[in-house]
Amino acid sequence: MNRKNVVIGFLGTVLDYGGRGQQRWQKWRPTVGLCQQDGLPVHRLELIHDARNRGLASKVKLDIAEVSPETEVRSVEIELRDPWDFGEVYGALHDFARGYAFDTEAEDYLVHITTGTHVAQICWFLLTEAHYLPARLLQTAPPRKRRTEANEGEPRDVRGTHTVIDLDLSRYDAIATRFAREAEETVSFLKSGIATRNATFNRTIEQIEKVAVRSTAPVLLVGPTGAGKSFLARRIFELRQRRHQVKGRFVEVNCATLRGDMAMSALFGHVKGAFTGAQTERAGLLRAAHDGMLFLDEIGELGLDEQAMLLKAIEEKHFFPFGGDTEVSSDFMLIAGTHRDLRQWVREGKFREDLYARINLWTFPLPGLAERVEDIEPNLDFELERHARELGKAVRFNVEAKRAWLRFATSPEARWSGNFRELSASVTRMATLADAGRINEAIVAEEIERLRHAWAVEAGEADAAGLRALLGDRLDALDRFDRLQLAAVVAECRRCKSLSEAGRQLFDISRTERKVVNDADRLRKYLAKFELTWSNIAQGPANTGQTP
């Protein structure tokens, strides 16, 4: 398919006039001349002018049709009260760029910087450099050849010359105020407009925004299941897509679902006959992500062989399909996600140190919902709005019902082990049961009991597993009373930073009645009955399942 050249530029209200009648053909007119350049066919011209210059724009359009009939001229009216006001001009052109339907697959864009005020030319440069316009700069100039007596009788060449300028987009420092506002909009986009209040999370998203638009290096998102890694990865892709920094697809795969030969085949593709059942060639996910973004969720679950091939693909952009002896190529941006402590896995030999070093340039922790209780309310509002969009029906809380749900959801009792997925499920259940679009206290009370029951079951299973890891077969010799009590004590110890702090929490009433208070010693003696110590509990095997 032949690509089309599209030029965007201002009408030159002085230079493009050229006089009346035939004399206009004796003068260089930049907008007409750019459509007569050898080696630069202009298939479409977006001609920007205000309402006062409609007449001149129409005349220029007719003249272009005469010298370049293949050029389509579109009039774009933009009203500027003061074309020398930097803020006004930049804002108007910024809005034009954001609203324009660019088709970079089929068209090449050039911004004509010869016409318009100097302020407009500077704004064109800044917008192009910042990727709001996926374009190159086009500068035209009058003919260099001077008329002499020797060429006096020859027809006058008024086409002029042109220069196409490719910008080094990495050198420009953004205009502070305007780009700061744009950065805020981008951060909001990454958060889907949710007004999150957690300071640590907000700082993380601000850093991700900068990295997402300035770097193509791998990004590692670390957090528990349901913390939003997959969602955030897709938003990063959409952000880069909006900035015309990516052409390919967003390809997502959960590495925990890949095993053996099928893992190799899924990621890197295979050749025909590579293994039993491989009757045709397969391209693989890495090639599907060419010129796009690859999100490998739970990257820690990949086997060591797959990790080695992935490292080669990241560094060299080349790799061998499974069973093949000819390299293929794919250039993609990688985002990896994990709930594991990959540093620990490197020490244990479960994850390659060289791959970890390669993907650890930008590592961003995503805390679970229980660590961001101040963000529960804005996420609740977001989920209600999302439910309304999907089902076409608005659902709202009664005032007391919402207060009751938030009081429980932000209390220490709320585990939110499933994080944002669990919150979304909770809202969906209440919204589905709501009559006439109103969630009342009875619905909230039922949902709270439902969550309590689910978390109690989870806690019981986790506590049992934790005690088994600490006590081994000795656990079978304990009464259920002792098991339940010990499980609660161990859980409290793991929430505290020291033996003394745990003792204060556990003996919070009886300690006030003692003349001599030694909470640490009391707790130490209790643990000793089960042959346990503080170090056993603080560093015990059950801790390894915690979020890194």
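On a predicted model such as this, the values are computed, not experimentally measured, just so you know.
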#### Entry: L478 and L471, any side-chain heavy atoms less than 4.5 Å apart
yes
### Task
Determine whether the side chains of T533 and N536 contain a donor N or O and an acceptor N or O closer than 3.5 Å.
yes
### Task
Keeping the roles fixed (side chain from N440, backbone from I443), state whether a donor-acceptor pair exists under 3.5 Å.
yes
### Message
I'd like to check H387 versus E383 (side-chain heavy atoms, cut-off strictly below 4.5 Å). Are they in contact?
### Response
no
### Query
Is there side-chain contact between I439 and N398, with at least one heavy-atom pair below 4.5 Å?
no
### Member of R242, R240, R235 meeting the side chain to side chain donor-acceptor pair (under 3.5 Å) criterion with E238
R235
### Query
Are any side-chain N or O atoms of R136 and backbone N or O atoms of V111, one a donor and one an acceptor, separated by less than 3.5 Å?
no
### Message
Tell me every residue that passes side chain to side chain donor-acceptor pair (under 3.5 Å) with R483, counting only those two or more places apart in sequence or in another chain.
### Response
none
### Message
Holding to side chain to side chain donor-acceptor pair (under 3.5 Å), I want the full list of residues that pass it with E298, two or more places apart in sequence or in another chain.
### Response
H339
### Message
For residues 247-267, which residue pairs pass the ring-ring contact (aromatic ring centres under 6.0 Å, His included) check, not counting sequence neighbours?
### Response
F237-F250
### Task
Please tell me if the side chains of I335 and L296 come closer than 4.5 Å, counting only heavy atoms from C-beta onward.
no
### Task
Verify, without hydrogens or angle tests, whether S215 (side chain) and V211 (backbone) share a donor-acceptor contact under 3.5 angstrom.
no
### Those residues that, when tested against E492, pass salt bridge (charged side-chain N to carboxylate O under 4.0 Å, His left out) (two or more places apart)
R495
### Query
Tell me the salt bridge (charged side-chain N to carboxylate O under 4.0 Å, His left out) pairs involving residues 284-295, sequence neighbours left out?
E281-R287
### Partners meeting side chain to side chain donor-acceptor pair (under 3.5 Å) with D381 (sequence neighbours left out)
K402
### Message
Test of understanding: with ring pair (Phe, Tyr, Trp, His ring centres under 6.0 Å), list the residues that count as partners of F96, not counting sequence neighbours.
### Response
Y100
Enumerate, atom names and distances included, each donor-acceptor pair closer than 3.5 Å involving a side-chain atom of residues 358-366, sequence neighbours excluded.
from: N360; atom 1: OD1; to: T363; atom 2: OG1; distance (Å): 2.4

### Task
Would you check if the side chain of S424 reaches a backbone N or O of F420 as a donor-acceptor pair within less than 3.5 Å?
no
### Message
Measuring only between side-chain heavy atoms, which start at C-beta, is E447 closer than 4.5 Å to W405?
### Response
yes
### Query
Do Q344 and E348 have side-chain N/O donor and acceptor atoms under 3.5 Å apart?
yes
### Message
Treating R3 as the side-chain partner and E105 as the backbone partner, does any N or O pair qualify as donor plus acceptor under 3.5 Å?
### Response
yes
### Task
Answer with yes or no after comparing the ring centroid distance for H290 and F332 against a 6.0 Å cut-off, counting only values under it.
no
#### Entry: R203 and E206: CA distance, side-chain angles, deciding distance, salt bridge (charged side-chain N to carboxylate O under 4.0 Å, His left out) verdict
CA-CA 5 Å; R203 283 195 298 272; E206 288 171 4; over 6 Å; no
### Message
Looking only at side-chain N and O atoms, does E422 offer a donor or acceptor that is under 3.5 Å from a partner on W455?
### Response
yes
#### Entry: Pairs where residues 298-320 contributes a residue and the test ring-ring contact (aromatic ring centres under 6.0 Å, His included) is met, not counting sequence neighbours
F268-F319
#### Entry: Intermediate values then yes/no, salt bridge (charged side-chain N to carboxylate O under 4.0 Å, His left out), E316 and K312
CA-CA 6 Å; E316 301 178 12; K312 175 180 174 62; 2.6 Å; yes
### Task
Under the ring pair (Phe, Tyr, Trp, His ring centres under 6.0 Å) rule, collect the residues that match up with H244, sequence neighbours excluded.
F102
### Message
Donor-acceptor check, side chain of Y109 to backbone of D103, threshold 3.5 angstrom: yes or no?
### Response
yes
Going by atom type alone, with no hydrogens or angles, which donor-acceptor pairs under 3.5 Å involve a side-chain atom of residues 219-233 and a protein atom two or more places apart or on another chain?
from: K229; atom 1: NZ; to: G223; atom 2: O; distance (Å): 2.9
from: K229; atom 1: NZ; to: P224; atom 2: O; distance (Å): 3.1
from: S230; atom 1: OG; to: E252; atom 2: OE1; distance (Å): 3.3
from: S230; atom 1: OG; to: E252; atom 2: OE2; distance (Å): 2.6

### Task
Under the side chain to side chain donor-acceptor pair (under 3.5 Å) rule, collect the residues that match up with Y356, sequence neighbours excluded.
none
